[in-house]
Structures are given as C-alpha cells and as structure tokens.
Protein chains: 2
Amino acid sequence: MAELAALNERSETTMKISELARLAGSNAETIRYYEREGLLPKASRSESNYRIYSVAHLERLTFIRHCRNLDMTLGEIRTLLRFKASPEENCGEVNRLLDDHIEHVVRRIGELQELERQLRDLRGCCPDGRQAAACGILEGLSQPLLEKASGNHVPGVHESFASNTGKS
Amino acid sequence: MAELAALNERSETTMKISELARLAGSNAETIRYYEREGLLPKASRSESNYRIYSVAHLERLTFIRHCRNLDMTLGEIRTLLRFKASPEENCGEVNRLLDDHIEHVVRRIGELQELERQLRDLRGCCPDGRQAAACGILEGLSQPLLEKASGNHVPGVHESFASNTGKS
DNA sequence: TTAAAACCTTTGAGTCGCTACAAGGTCAAG
DNA sequence: CTTGACCTTGTAGCGACTCAAAGGTTTTAA
Ligand SMILES: [Zn+2]
Ligand SMILES: [Zn+2]
Ligand SMILES: [Zn+2]
Ligand SMILES: [Zn+2]
C-alpha cells in the first residue's frame, strides 16, 4: 500500500531533491552545489520553497555524474554541456576534449607506474623489521630528489576514500 | 667573482628561506606552510626576523619532498618522520606504511585503467565530427551510471598541471 | 648617496569538488 | 501534539598548497 503509493509518486514527473539524488546516484548537497556552480539550472520551487525537479533535471544530473565518474573536471563537463545545448553545432570539439582527457588519464597511469617502481625499489631496501636507525627505507627517502614530471589532473592515491560513494 | 662569493656562501652552514627552497626543489611558501603544520621545526631567526636554516633543515625538507614526490600524504610523512626521530625503535611499521601506500598506488592504477577503457569505448562512438545532436559521445554520456569504486588517495588526472614544478 | 630591485615578513584568501554542520521551516504519521 | 523525516540557508572544513597585499630589510648599481 505504502509501496504502491510510493511507486505512483515515483512515476510522476516531478520530485524533490533527495529523490533526484537517489535516482542519479548523487546526494542532495552535491545537487545544491551544482546549482550554485551553474551546472544545473535553478530548480522551480514549491509553495514551501522546496526545490522541484523534472526528468530533464535528472537527465542532466546523470550526464554530469557520468562525466565525474570518468574523472572529468567540472570545467570539462561545462564544455560538454554547452555542446549538448546546441545540437546544430559540429561536435569536433567534443571529440578533442575527450581525446585530451584520455591523455590525462594515460599520462597519470604512466606516472603512477613509475611511482610504483620507485616505491618497490625502496621497499626492497628493508625486507625485515630492524632498528629504525638501520632502516634502508628511511635512508633511501633521505637520499636524492627524484624528478616528478606531473602535468596532470587525474586525482590522487589518497583522495576519494570516504567520498564518491554516491550516497551521503 | 659574484659566482665565487655565491659559492662560498653556498658552502656555509646557514641559509635563508629561498636558498633552502632552491636546494630542496621546493618553494618558500611551501616551507612556511610545513613549518605551520609542524613538519619542519620552527627556524631560528636573524636580527631582522628572517628565518635561518641549517643543513639539518635541508635534510629534513629533502626527505619530505622525496616522500611527496612519491605521492604520500603529509600524514604518512609525519609517521615516517617520527621513526626517523627515534632510531632505536623497530621499523616494522615503516615497512607496513610503505606496503599500504604501494597498494594505494596499485589500486589507483587499476581504477585509471578501467577509466581509460570506458573513455576509449566512448570515444569510439563518434569517430568523425558530426552535428552535436547526433554525437555518440554526448549520447553515451547521457546513458547509465557506471559504478565508480574508488577508495583511494593518489591524486587525480587534472591535478598537478601547474604545481609541483619545484619552483614558484 | 641614494634609489631601485630583490629579498624577507605576516595575514588572509583562493584553489577543487564536494561534505558537514547549525539553526530553523515544513509536512506526514501515530 | 509530538516525533521524525524531510527541506531551507549559510558557513566552515578538507588537503596541500599557492597567491596577493602591505609592509620591512638588504643588496646592487648608477
Ligand atoms: Zn581531463
Ligand atoms: Zn626498515
Ligand atoms: Zn598512501
Ligand atoms: Zn561527436
């Protein structure tokens, strides 16, 4: 009964913020943030000042979350949204943006593989637990500075532990 | 002459902040930030209130920058510095920290490889420049939400473009 | 000698993409 | 009528810096 009612509501064309969040695998605060940032248009409001969303909003938010899951920046996403909004234009720039972003990812993979190599080298300097004074790892880290050639934007190793789960 | 004088100065045991920065491949603002964060001890001061550093500072900063180049967090680095400071302790925890961090990197590599696969799939949806309305990429991005299983801390694709060059 | 350039200082704000909180308003169920 | 789930705004915080303002000091060179 309650389920049926909920189902009916779900098949309606409007919803409030937390249902939109659930359907888009996002969360309410992120949606308000996107609105502030101009990625989502201002929602219409109910009498009690609640944001009211339509399927169009859901589609746009889904697009954005999809892009974020591919580690694009909000800037990159803004560009893509502009093309979505002007369907008569040539999409060559979309392709270019995607090629660039693929390169961002590929480059970052290369950097991290080099990092892994260096870290395994370092780890090999102290196979057993000994006194810290004799630890090859601590010694190795005191040594020279290896170059870090990073010109990238794909996020870090320590980054998204508690975030990006979709729900809040 | 100026070079010789500079060389003499360089072989002295103390220096000001920008020389320390240069020698450690860092920059002055980062050094002040590390001091605020307690990663570097407070420097002694000259009569005119300038920070004065010794080789010990240079070594500690070199250690920190080396760790950062390996994408460790400042938290991870703090732990390592504690072990450096107590040489009688067993270094097993150092090894464990490094193993964990290697896993952070390996996991991030895996995530990015999956990302690359998805992005290349998407790119294949629009080999040529056509009208945005018919662009397979924009269409693909409007589709379902792929899971993003990130539990990591190694930074992103778009991150370090203008940073981490060492100089300011 | 003096003026400009190159340092140094502190403080505070900005970056990115959220996330979390506080303090309050609204609404349906029991 | 109260509880609790939802909604609102505004603000602050995360990590690891980076930059700018507004001023003090030191070095260089005309
Ligand atoms: Zn990118
Ligand atoms: Zn060891
Ligand atoms: Zn780590
Ligand atoms: Zn296209």
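Since the model is a prediction, treat every value here as computed from it, not as a measurement. Here is how names work: the chains are called A, B, and so on, in the same order as the sequence lines, proteins then strands, and each is numbered from 1.
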### Task
Using a heavy-atom cut-off of under 4.0 Å over every strand shown, decide if B/Thr73 touches base, sugar-phosphate, or nothing.
sugar-phosphate
### Query
Does any donor atom in the side chain of A/Gln143 or A/Glu139 lie under 3.5 Å from an acceptor atom in the other side chain?
no
### Message
A side-chain contact here means heavy atoms from C-beta on lying under 4.5 Å apart; do B/Asn90 and A/Gln131 qualify?
### Response
no
#### Entry: CD (A/Glu114) with more than 12 external heavy atoms under 6.0 Å
yes
### Message
Whether the B/Arg65 and B/Tyr34 side chains hold a donor-acceptor pair (N or O, under 3.5 Å, no angle test) is what I'd like checked.
### Response
yes
All N/O donor-acceptor pairs, side-chain side in residues 36-46 of chain B, below 3.5 Å, sequence neighbours left out:
{"residue": "B/Ser44", "atom": "OG", "partner": "B/Ile52", "partner atom": "O", "Å": "3.4"}
{"residue": "B/Arg45", "atom": "NH1", "partner": "B/Asn49", "partner atom": "O", "Å": "2.9"}
{"residue": "B/Arg45", "atom": "NH1", "partner": "B/Asn49", "partner atom": "OD1", "Å": "3.2"}
{"residue": "B/Ser46", "atom": "OG", "partner": "B/Ser48", "partner atom": "N", "Å": "3.2"}
{"residue": "B/Ser46", "atom": "OG", "partner": "B/Ser48", "partner atom": "OG", "Å": "3.2"}
{"residue": "B/Ser46", "atom": "OG", "partner": "B/Tyr50", "partner atom": "N", "Å": "3.1"}

## Note on the structure
Residue pair A/Glu47/A/Tyr33 against DNA chain C: nearer the 5' end by closest nucleotide is A/Tyr33
### Query
Expressed in angstrom and rounded to an integer, what is the separation of A/Ile31 atom CD1 from D/dC7 atom C1'?
13 Å
### Message
Below the 4.0 Å mark, does D/dT18 have OP1 or OP2 next to a side-chain nitrogen or oxygen of B/Asn27?
### Response
yes
### Message
Are the side chains of A/Cys126 and B/Val94 in contact, using a 4.5 Å heavy-atom criterion?
### Response
no
### Query
Does a salt bridge link A/Glu35 with A/Arg51, judged by any charged N lying under 4.0 Å from a carboxylate O?
yes
### Message
Side-chain N or O of B/Arg65 versus OP1/OP2 of D/dC17: is the shortest distance under 4.0 Å?
### Response
yes
### Task
Please report, rounded to the nearest Å, how far the P atom of C/dG17 is from the CG atom of A/Leu61.
15 Å
Can you name the atoms? Protein N/O to nucleotides 8-10 of chain C N/O, anything below 3.5 Å, with the distance.
{"residue": "C/dC8", "atom": "OP1", "partner": "B/Ser18", "partner atom": "N", "Å": "3.1"}
{"residue": "C/dC8", "atom": "OP1", "partner": "B/Ser18", "partner atom": "OG", "Å": "3.0"}
{"residue": "C/dC8", "atom": "OP2", "partner": "B/Ser18", "partner atom": "OG", "Å": "3.1"}
{"residue": "C/dT9", "atom": "OP1", "partner": "B/Arg51", "partner atom": "N", "Å": "2.7"}
{"residue": "C/dT9", "atom": "OP1", "partner": "B/Arg51", "partner atom": "NH1", "Å": "3.1"}
{"residue": "C/dT9", "atom": "OP2", "partner": "B/Arg32", "partner atom": "NH1", "Å": "2.4"}
{"residue": "C/dT9", "atom": "OP2", "partner": "B/Arg51", "partner atom": "NH1", "Å": "3.4"}
{"residue": "C/dT10", "atom": "OP1", "partner": "B/Arg45", "partner atom": "NH2", "Å": "3.1"}
{"residue": "C/dT10", "atom": "OP2", "partner": "B/Arg51", "partner atom": "NH1", "Å": "3.0"}
{"residue": "C/dT10", "atom": "OP2", "partner": "B/Arg51", "partner atom": "NH2", "Å": "2.8"}

### Query
In whole Å, what is the span from the CD atom of A/Glu29 to the P atom of D/dC6?
14 Å
### Query
Once you round it to whole Å, what is the distance between P of D/dG15 and CZ of B/Arg68?
12 Å
### Query
Is there a side-chain contact between B/Met15 and B/Leu23 (heavy atoms, below 4.5 Å)?
yes
### Message
Check the phosphate of D/dA16 against B/Tyr34, side-chain N and O only, distance under 4.0 Å to OP1 or OP2. Yes or no?
### Response
no
### Task
To the nearest Å, give me how far apart CZ (A/Arg36) and C1' (D/dT8) are.
12 Å
### Task
Please state how far atom CD1 in B/Ile64 lies from atom P in D/dG15, giving the value in whole angstrom units.
16 Å
### Query
What pair of heavy atoms forms the shortest contact from B/Glu116 to A/Ile109, and how long is it?
OE1-CD1, 3.5 Å
#### Entry: DNA chain C-proximal residues of residues 75-84 of chain A, any heavy atom under 4.0 Å
none
